[in-house]
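So that the names make sense, note that chain A is the first sequence line, chain B the second, and so on, each numbered from 1. The model shown is predicted, which means the values in this text are computed figures rather than measured ones.
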4 protein chains.
Amino acid sequence: MTSYFFNDLLSTIVDRGRGIVERGRDRRPSGQNLAGLANDLLSGRGEATGIALARDLFDNYATLDSAGRTAFFRALASEFGPDPEALAAAAEAYLKEPGEATALRLHQASEPRRQELIRRLNRAPGGTAALVAMREDLLDRLPDHPDFRPVDADFSHLLSSWFNRGFLVLRRIDWSMPASTLEKIIRYEAVHEINGWDDLRRRIDPPDRRLFAFFHPALVDEPLIFVEVALTAAIPEAIGPILAEDHHPIDPAQATTAVFYSISNCQKGLRGISFGNFLIKQVVEELARAFPSLKTFVTLSPAPTFRKWVERQVADEAAGTLRAGDREVLATLEDAAWAGDPATAERARPVLLRLAAQYYLQARTDRGTPPDPVARFHLGNGARLEQLDFLGDPSPKGLGESYGLMVNYLYDPKTIERNHEAFANKGEVVASTAVKRQLRGAPEVTQAIALSA
Amino acid sequence: MTSYFFNDLLSTIVDRGRGIVERGRDRRPSGQNLAGLANDLLSGRGEATGIALARDLFDNYATLDSAGRTAFFRALASEFGPDPEALAAAAEAYLKEPGEATALRLHQASEPRRQELIRRLNRAPGGTAALVAMREDLLDRLPDHPDFRPVDADFSHLLSSWFNRGFLVLRRIDWSMPASTLEKIIRYEAVHEINGWDDLRRRIDPPDRRLFAFFHPALVDEPLIFVEVALTAAIPEAIGPILAEDHHPIDPAQATTAVFYSISNCQKGLRGISFGNFLIKQVVEELARAFPSLKTFVTLSPAPTFRKWVERQVADEAAGTLRAGDREVLATLEDAAWAGDPATAERARPVLLRLAAQYYLQARTDRGTPPDPVARFHLGNGARLEQLDFLGDPSPKGLGESYGLMVNYLYDPKTIERNHEAFANKGEVVASTAVKRQLRGAPEVTQAIALSA
Amino acid sequence: MTSYFFNDLLSTIVDRGRGIVERGRDRRPSGQNLAGLANDLLSGRGEATGIALARDLFDNYATLDSAGRTAFFRALASEFGPDPEALAAAAEAYLKEPGEATALRLHQASEPRRQELIRRLNRAPGGTAALVAMREDLLDRLPDHPDFRPVDADFSHLLSSWFNRGFLVLRRIDWSMPASTLEKIIRYEAVHEINGWDDLRRRIDPPDRRLFAFFHPALVDEPLIFVEVALTAAIPEAIGPILAEDHHPIDPAQATTAVFYSISNCQKGLRGISFGNFLIKQVVEELARAFPSLKTFVTLSPAPTFRKWVERQVADEAAGTLRAGDREVLATLEDAAWAGDPATAERARPVLLRLAAQYYLQARTDRGTPPDPVARFHLGNGARLEQLDFLGDPSPKGLGESYGLMVNYLYDPKTIERNHEAFANKGEVVASTAVKRQLRGAPEVTQAIALSA
Amino acid sequence: MTSYFFNDLLSTIVDRGRGIVERGRDRRPSGQNLAGLANDLLSGRGEATGIALARDLFDNYATLDSAGRTAFFRALASEFGPDPEALAAAAEAYLKEPGEATALRLHQASEPRRQELIRRLNRAPGGTAALVAMREDLLDRLPDHPDFRPVDADFSHLLSSWFNRGFLVLRRIDWSMPASTLEKIIRYEAVHEINGWDDLRRRIDPPDRRLFAFFHPALVDEPLIFVEVALTAAIPEAIGPILAEDHHPIDPAQATTAVFYSISNCQKGLRGISFGNFLIKQVVEELARAFPSLKTFVTLSPAPTFRKWVERQVADEAAGTLRAGDREVLATLEDAAWAGDPATAERARPVLLRLAAQYYLQARTDRGTPPDPVARFHLGNGARLEQLDFLGDPSPKGLGESYGLMVNYLYDPKTIERNHEAFANKGEVVASTAVKRQLRGAPEVTQAIALSA
């Protein structure tokens, strides 16, 4: 019951502008030397008036154009690393006398000054959100500026620490949420687009629908990641009925199955900081507690690189992945209209299901992992590949990515740890008998398939 | 207006027990090898089932006796540092080819495994509070176990990062707060003890009294630090009238002066992570905004080592700090009854005020800092030594620590930065003319005074 | 600061099902005799188990078809009035010995049993909302069942008492409100339709827009009435710019004028219970406090019966309201396209403005009140007729109702009481000089104009 | 999930001062004619500026001395009744032509003007609380001013309507409540005094203790009535163990019995408006839902007039209530020390238990009701007299009121309605066999015992 005290206190977390030192005093012309401000912030001066300086830096950053921001990141990369001399000395001291004390000094000497800079920037009101946005800019520049990677390593290190699972808050999102939050859900949905407020309502308001998100206190009402769930009477084989406008809700207390049919990351600036694993597992717990009738927790997932992989097999005469006649069948799938033609579809079914089984169970990237990124995520979480759904998504996007194929991954608390270890240590893909049975008659896949993973 | 959404969401931050993997499964007998659990948590297994493992570790830790906990910290110190071989290799690589990339790898190689362990422990429900409590145990053992210092460095590093100013929330504590929070204020007050609920009410309920505290979302309703403030018509010269039972409140809109008369840290496990500087400055801002009539922001502070310092001067014939006749006057202060005897007090006044001026303005520790810890704190924040208060605290404690002396430090936003730099860079104590005038006739203090600081 | 305790406690106001006596026990077939249940509820039995009985009655009512409900109201009208014999006796006793005691007994004897019935029904969870809905059904039947009027008098009496201004809560509605509340605003807007969520957002999210509503604790998140406000730099002459999609917000701190451009009642079952007067005046106060720059508080209001009135003057040769040439000009306004033709519009302007001045200042209904219902509302509140807006609303609806005419009523706190008394006691319409000047050249309106008011 | 919107909105219910008309304008000298203000408020002027006038009236009332207030109530009694002429006319009209329409007009004509006055006063901010306080003043004057009874009838009528069960909110009070609310609980406890904060904590913080209160939205955080509950393993026979400082809590999930051991009304101004019946029954429901193991819901109640009744039997030689030897035994109970003397106590036990059975089961007041007011309350609610507790309360107060006797009333949802009807219609006291068995050997009580009830 302590919560409402706390709730209320948090209402002040988004502080109005702070700073005991008058603001603006140090306001420099836009495009000016932010690195100078950064140095001030790291100096003794920063200790007395750090919050005002941090805010000034953010304010100045906000006015910079793209070139100015690149210049700022360049300065961060070149001027805010560790002190080379101190680091060399600490390295030598360690090598001379290895031990906890020298290791600690070496660790401290090797810490880039950027890390303390980022910590001090975080003290400004709204600092965390501003840092997440700044990292988004940085990530955009990484492909062209590989020398910024150490800068990103520092951002990533601190954001990972601050967005530790222990600080995340799970919330159900429903129709009683503020419109200002709901519009973010509409905007961030990345898997099955939400077409406006009526569509959103269909996903969160019926009794057999749920949407859960993680939030972080410092980002207030910005979701970090969310998952959409349908409560059903059986493992679904297609996305259509779940999103249908004329869906008739079932009584959630009668549902046996919870289907995770969409999971979306919201903050580009938090890329690489993984929440999905924790989110799914906590939602499984919440739902299991709320609805004892639920026995099965599965995803309904896309197979985003399946078609690309198949086309590569078709193109590579030497791959040996295809059986005789496959090419002819696959050729009939060039025209997207095939999905509406029962005869063609029925001919395609066994071929696609067999190829899908090969894709998931046998194909491997250069790194030895399954080529499908969604598979890597769920299998890495300890899920099992449960079912292949022929024409589960006959939309243009679905046909284009995977000939309409969808799959279900099963989260079974009893086997999650074992599955995870089998996958992580031995690269083993745990799959149901039904999926494995689809392999019958498939040629052996003997080599790894190179796919950017 | 987004706040009430957020408030509500935070009501769930104190999650009920979580863990997709069944609990208890790994429950080992109390006193058993927690280090084994810690290793599990750092292994691949920890990725799939980390929250349950972290909770198990905390549960086991809670059942350990004192010796068991010491053994656990010993294991942390000896077995969870960085990998020596990898670190040596990284150090050599850096020395061979200094650069951002080798420095980054060196930084990573030098990070003790403890840090990742602490991060994973933090994922458990209530993990942050449990880690703060664990560090309290650790701090208790440091004097006898200096080899645990690297362990504390890791706790301190991560807690500093997690308790970053950006994540703290300022709240006014008043009589409408939950009793469960208020009783903590009673318990944690460290400067002027709060004698029960009536005394507490006198400090927070009258219109000319304020109490502000910092909170952290992960510790919910546990204050981290708080400051008590009286709004007055002038800089006070004594604590008595402020704490008096028969105090008649003034209209806060007429007050000219805000007096910070008590500041208390609440969490032993966060020792060394400084909040006081930020707290005072933010409260100055809050009050200045709420009451435009406030012009003066001062403390009313103790002088905790003044008497010890004076007695050292008395004992040290060679010190040269005393003037002729001082010893005689000081001898009359042995009996605490002097404070009630006007004649003795009047004779003591000029001597004590002059010695106090020497104590603050001239005396220095081996490290070159003022001997008084409270002075170091406020001067380091950029405050100015404003006034010496003869017999400001005639309580037994006050007489015992400082012959009843209290002092006021002035926080003037316009000079904070300058004062801070003068103190930090040049060791200069910025003081008012009135204080400096007390030095008249004092012998020069020529040597640093050794005092544990 | 007591509020958050209270806030939290109110979260339970919508109680889950209650009733210490098992429910359903008395469940009778739908359409059955609700009057029997009502009698039970009024009996001694109702005292012990009243909440359960009240809920049963509501549950049964909900299953009744239209004829069943009519039958229930008929029973209420005929069987639940005062006891005729007791009433006659009390009347005679009063006449025999007039005094406070006999008057009190007479008052009690004349109270219909329906009133106590309604009070007991209100004890059920959700009872207030159910009674409001029940009255909506009742109001629908009044035209055909004048004998139900005494039943409505009882509903009206109690709802007026329960929806006393003292229990209403004013709230600003903005974009951070729950979608479930916002969709009600969309649905209830009665003056200028809200076309979906984007349009709603334009009305509540820009810094120079406000929407305020009254709520009642027992109806939770159901608005009772709301008003939409635009903050502007001048009294507006047309609705178009206010609703425009490409509106550029102004800084509200610079606004001089608050424009109430739409006011909508939300609950049909509360018809005749007036909130608008209180709402406008409280919003004036809120805005005046928040924005000291605001000097002018006006409406931008429709003139819903102006065209009907003009057409009646045209038809009634004897009315003497029109000047020579008016009929010709009015004939050019038959085709709605006139509003887009500058020449026609300019010819129409002086005629319509003069007729409008006559309509507001001279025309009267049989009851001696102005024919315009909106005028009666605002003038009755003490507002002044400030400005006539030619073609203020050139929409088809606006042209159809009032040849596009809109008007501004001014709420000036200094004159509200005087204006109200002039209007209430003497039927005087207080208007600005500018409006009165439009009368120049108008024939005298000598007779009252019969219009249902 | 709509609640948090609503919670937030209610935070504004205690409006800051309102009133579109400038305040103070009508401020008259204290003691001046409030009746004049009341007349203004009922006039047309009151419609335009009613809130300001209502506030003025309350402000003036607050400054009146006791005589001034009495004068105000006298004016309410004599000048604000119904209009005698109109009432006489309506009475005659009804007698001439009885019917719904004439009855309605008669009801309206008989309504005192005071009622509308009270309704308009309620519109002021804080009006409800001010009216409750005003009625407290009025109740104080009733014994000396029986002519104020009609005024009280009007207050009582409207407060009953406004404090309808449907508007009350049940809240658990625990240690996380605001201190400002908790201190009211300490102050209002009327049965077993709460000795400060530690004692309060013992009553609300242990897992096997509960305190529930009813609140009303317009009184914000003022409890109306509260009940204290202990969860136990059996029906208790004494209050001591429940209030003991060294009480060891039991696991509430194991409790079989909920004991209502104290129930206190908080608002004198709401005297006669009954909440206790609803409170007990709702708490029974809440607890039954939360703890399925609870099977028995009983009170542990005082017997406040038992000793007075016994002493009357002793004094009245003719009563025939006593058996031979009773007087001697009772004489040994004059000295309160008897309760500590086992031999005396054991001799007293059968006598007191038999007399108690007679007191509850046979004795009746002039009105035919049981003499014990607590019994009338619980039996009227449908409870059963379950157990007589010899020396259940050996405190001086307990011995003085009832020779230490306490009793348990049982609330059994299955029999509440039947018990209530037996008691209400036939005056029958439903009691357990164990209580009835105590009657054995008692003389018949043949006459009603006059006790003010």
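Each salt bridge (Lys or Arg N to Asp or Glu O under 4.0 Å) pair with one or both residues in residues 89-100 of chain B, not counting sequence neighbours, appears once here: A:R114-B:E100.
When heavy atoms are compared at a cutoff of 4.5 Å, A:A77 approaches chain B solely by way of its backbone atoms N, CA, C and O. In this structure, chain A has heavy atoms under 4.5 Å from both the backbone and the side chain of B:P84. The contact between B:S161 and chain A is made by backbone and side chain atoms together, counting heavy-atom distances below 4.5 Å. Neither the backbone nor the side chain of B:L121 comes within less than 4.5 Å of any heavy atom of chain A.
With a 4.5 Å cut-off on side-chain heavy atoms, B:F167 and A:R123 do not count as touching.
A:L95 and B:A88 get closest at one heavy-atom pair: CD2-O, 3.6 Å.
When the side-chain contact (heavy atoms from CB on, under 4.5 Å) test is applied to A:A103, the partners found at least two apart in sequence or on another chain are A:Y94, B:P82, B:L87. For A:F377, there are no ring-ring contact (aromatic ring centres under 6.0 Å, His included) partners two or more places apart in sequence or in a different chain.
Contacts from residues 104-112 of chain B to chain A, taken as heavy-atom pairs separated by less than 4.5 Å, involve B:L104, B:L106, B:H107, B:S110, B:E111, B:P112 in sequence order.
Taking CD of A:E116 as the reference point, atom OG of B:S160 lies at 9.0 Å (rounded to 0.5 Å).
Ranked by heavy-atom pairs under 4.5 Å with chain A, the first of B:G99, B:P98, B:A91, B:S78 is B:A91.
Under the 3.5 Å distance criterion, the side-chain polar atoms of B:N164 are matched with a main-chain donor or acceptor of A:R119.
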